[in-house]
Amino acid sequence: MADKPWLFRTYAGHSTPEASNRLYKSNLAKGQTGLSVAFDLPTQTGYDPDHVLSKGEVGKVGVPVSHLGDMRALFDGIPLAKMNTSMTINATAAWLLALYAALAEEQGAAREALTGTTQNDIIKEYLSRGTYVFPPAPSLRLIRDVILFTTKEMPKWNPMNVCSYHLQEAGATPTQELAYALATAIAVLDEVKEAGNLDQEAFETTVGRISFFVNAGMRLVTEIAKMRAFVDLWDEITRDRYGVTNEKHRRFRYGVQVNSLGLTEQQPENNVYRILIQTLAVTLSKDARARAVQLPAWNEALGLPRPWDQQWSLRAQQILAYETDILEHDDIFGGSAVMDEKVARLKDEALAELARIDEMGGAISAVQAGYMKGRLVESNARRLAAIESGELKVVGVNTYVETEPSPLSTGAGSIQTVPESVGEDAIERLKAWRASRDQKAVDKALAELASAAKEDRNVMEASVAAAKAGVTTGEWGQTLREIFGEYRAPTGVGKAVREDRSGSEIAEVRKSVEAASAALGRRLKLLVGKPGLDGHSNGAEQIAVRARDCGFEVVYEGIRLTPAEIVNAALEEGVHVVGLSILSGSHLPLVRDVMERMRKEGLDDVPVVVGGIIPPEDERELKAMGVAAVYTPKNFDLTAIIGDIVRIAEGAGEKAA
């Protein structure tokens, strides 16, 4: 008898709850069998649309959900009792789950009937995606609260999706992806076991609800072996470390989105093949098959995908499941000497790395020490260097670059855009919501939330009550910020070990840096800044590391800075060039703000360069603002970029002289 197919999902949400609701209904009508909600950055980091850091970010990388009214609009006409919903939410996972539970109650759905997943993996946010809010210890406590609440109240819900997906996006090797994800799971289970007051049977049930969210790259055999290694290691850890006797509760349960990092701006139509090959890595092996798959769209390196682009990825899953015979057979890799050897090697390497992390005191200590982040920055630097040198071949990027114009990615409407007015509209809706609610009920709910947080009581019931009272995302976030504090994670740039960079291109750029520094009378200084809420810092980190290796003095203070903070740093540090990295699609309003503030501070002579996923028409607008250069994913040669920046600095220096 053939296996049932995995859950078909697409990761979706943008602009407004109403627009996202229409998209969800359309995708479900096309055969999607589960929802995967993308939230915008203010929602992910606990801010309302009217916060200074939310400027330009509302509705860009996901849907804004500021209160229960937004949640109602998002799921209008979608019965939650019958839907399997995955929510990619971490720092504010407890809040979004509370809103979801409150809405389900309005719909008449029992909590125990709800099925789905909250990612709720805040630890990897310190290492990769950057949407953390609180320090590691209270973040771990919030993860625990969600797990214990769902174990009791929502037993079909996956309270945590240990997420190695973004680790691979940040440059993780298969060994690092295995080790760091498992170290995260161990840290969480240790916390639950120590503080949860559960008997062994209840604890085993809790272990059985922990799921994983992984990445699959292009090295097909290695990726299959990685997934089989995950299955083996999780079974061994839960059995030997935690004494889980029920095999069902030791099962490695995971969903997947295949590698967006490998999608190329050049010849983007080739991404269709990449996506399908990566999907095979998580579906071919029956013993390590994904339970849910969501695929990126072929044009995500260009901008926000349209509904048709998402449909194309959905059809790839359906063709694979229903037109091939992969669901009809036992595991086709059973007994393979090649696969067994590959899996054994990955397991040994991952266990050795886990032992190193354990010696440091576990995942939390390794995060705070900057160890894991530094290793990711190093491995990503090696990957990029291999692409630059041609050792790692990427079709259309550094080999077979000749191409015909693509009819798929040209012309008006080739990508979907979110108008800047979305943010203004969200602020108006927020004002109306605040005006319509009972402020006394809001104040009482926030006071109870604060008490629960201070007294180390589970915050979930207080959060559900706050959702019903009309509390907003920003108010929930600010209440906990005042108790837990905020956190700035190590950037990994300072701890990244320099490899020998004696190649001719590096040497030439070093010479030009030395010459320019001598001409200007001091060392060339570059400020790398990330304005707004975009936490994808991989590109900024690699530019900072390469500029440092080329002889620049580099100022890089990490993510989530306001334009005012960036301009103040440029003024105080006396930098020669400001480089802004923005991957959330908010480049126009944020760069405009930075440029205007620089002019007011008399920094007109300091050139600004910008990097991100920037459509050609936006590139033209940025240059019209005065931006000296724009870099997109097609500019993969970091040394060439640094060489450009040297020439830009020299030109600005000559004008000033």
Side-chain angles (χ1 to χ4, degrees), residues 8-15 19-20 23 27 32 36-41 44 57 59-63 86 88 128-131 163 165-166 168-171 213-218 255-279 282 293-317 387 394-397 406 408-411 413-418 534-539 581-587 611-619 631-636:
F8 301 149
R9 285 185 170 134
T10 53
Y11 184 51
H14 65 83
S15 303
S20 299
L23 180 60
N27 286 344
Q32 187 173 303
S36 182
V37 181
F39 296 99
D40 74 353
L41 290 173
Q44 292 183 48
E57 303 282 18
K60 288 291 173 66
V61 301
V63 58
S86 172
T88 302
S128 53
R129 196 159 158 269
T131 66
C163 182
Y165 173 84
H166 293 99
Q168 188 177 128
E169 297 286 291
F213 188 72
V214 306
N215 203 326
M218 285 300 295
V256 64
Q257 172 157 319
V258 303
N259 189 288
S260 294
L261 178 69
L263 303 183
T264 64
E265 180 181 358
Q266 304 94 317
Q267 300 179 27
E269 61 277 2
N270 295 340
N271 293 331
V272 174
Y273 305 126
R274 294 185 175 104
I275 290 166
L276 185 58
I277 290 168
Q278 292 162 352
T279 307
V282 295
V293 177
Q294 61 188 47
L295 302 181
W298 67 282
N299 57 351
E300 284 192 19
L302 306 177
L304 191 66
R306 301 157 298 185
W308 183 87
D309 305 314
Q310 291 193 324
Q311 174 186 299
W312 202 5
S313 288
L314 176 62
R315 293 292 182 253
Q317 292 197 61
I387 294 173
V394 182
V395 173
V397 174
S406 170
L408 294 175
S409 56
T410 56
S414 58
I415 59 169
Q416 185 159 305
T417 58
V418 176
D534 169 34
H536 288 85
S537 57
N538 304 334
S581 171
I582 308 166
L583 282 85
S584 64
S586 303
H587 40 268
I613 300 175
I614 300 171
E617 58 271 24
D618 287 2
E619 180 176 345
Y631 303 100
T632 67
K634 69 177 180 297
N635 304 109
F636 66 92

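Reckoned from all heavy atoms, side chains included, excluding hydrogens, waters and symmetry mates. All values reported here derive from a predicted model rather than from experimental measurement.
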Exercise. About how many Å separate OG1 of T264 and CG of N299, when rounded to the nearest 0.5 Å?
Worked result: 11.5 Å

Exercise. Taking the side chain from N271 and the backbone from L263, do they hold a donor-acceptor pair closer than 3.5 Å?
Worked result: no

Exercise. Do E169 and N538 have side-chain N/O donor and acceptor atoms under 3.5 Å apart?
Worked result: no

Exercise. When you look at Q317 and T279, which way does the side-chain hydrogen bond (donor to acceptor under 3.5 Å, both in side chains) test go after all the steps?
Worked result: CA-CA 8 Å; Q317 292 197 61; T279 307; over 6 Å; no

For this session: Taking all non-hydrogen atoms of both residues into account, name the closest pair between P268 and L302 and its distance.
Result: CG-CD1, 4.0 Å

Exercise. Do you know the tightest heavy-atom contact between G585 and K60?
Worked result: O-NZ, 3.5 Å

Exercise. Between S20 (side chain) and H14 (backbone), is there a donor-acceptor pair under 3.5 Å?
Worked result: yes

Exercise. Okay, side chain of N259, backbone of G262: is any donor-acceptor separation there less than 3.5 Å?
Worked result: yes

Problem set entry | Student check: side-chain heavy atoms of V256 and Q278 closer than 4.5 Å | no

Exercise. So, D618 side chain and P615 main chain: donor-acceptor pair closer than 3.5 Å or not?
Worked result: no

Exercise. Within the side chain of S313, is there an N or O that forms a donor-acceptor pair under 3.5 Å with the backbone of P296?
Worked result: yes

Exercise. Is the backbone of V397 close enough, under 3.5 Å, to the side chain of Q266 for a donor and an acceptor to pair up by distance?
Worked result: no

Exercise. Which value, rounded to the nearest 0.5 Å, describes the distance between H587 atom NE2 and I582 atom CD1?
Worked result: 8.0 Å

Problem set entry | Candidate pair T88 and R129, rule side chain to side chain contact (heavy atoms under 4.5 Å, CB included), full reasoning | CA-CA 12 Å; T88 302; R129 196 159 158 269; 4.1 Å; yes

Exercise. With a 3.5 Å cut-off and no angle check, do the side chains of S128 and Y165 form a donor-acceptor pair?
Worked result: no

Exercise. Hey, does Q267 have a side-chain heavy atom less than 4.5 Å from the side chain of E269?
Worked result: yes

Seminar exercise, completed: What one should report as the nearest heavy-atom pair of G612 and L583 is CA-CG, 4.4 Å

Problem set entry | Gap between atom CG of D309 and atom OG1 of T10 - 0.5 Å precision | 11.5 Å

Exercise. Is it true that a side-chain atom of Q44 and a backbone atom of F39 form a donor plus acceptor pair closer than 3.5 Å?
Worked result: yes

Problem set entry | Minimum heavy-atom distance E57-S584, with the two atoms named | OE1-OG, 2.8 Å

For this session: May I ask you to test the V395-Y273 pair for a side-chain heavy-atom distance under 4.5 Å?
Result: no

Seminar exercise, completed: Nearest heavy-atom contact between Y11 and Q257 is CB-OE1, 3.8 Å

For this session: For residues I275 and E300, determine if any side-chain heavy atom of one lies less than 4.5 Å from a side-chain heavy atom of the other.
Result: no

Exercise. Which pair of non-hydrogen atoms, one from A301 and one from E265, has the smallest distance, and what is that distance?
Worked result: CB-N, 3.7 Å

Problem set entry | Name of the residue among I277, N270, V272 meeting side-chain contact (heavy atoms from CB on, under 4.5 Å) with R274 | N270

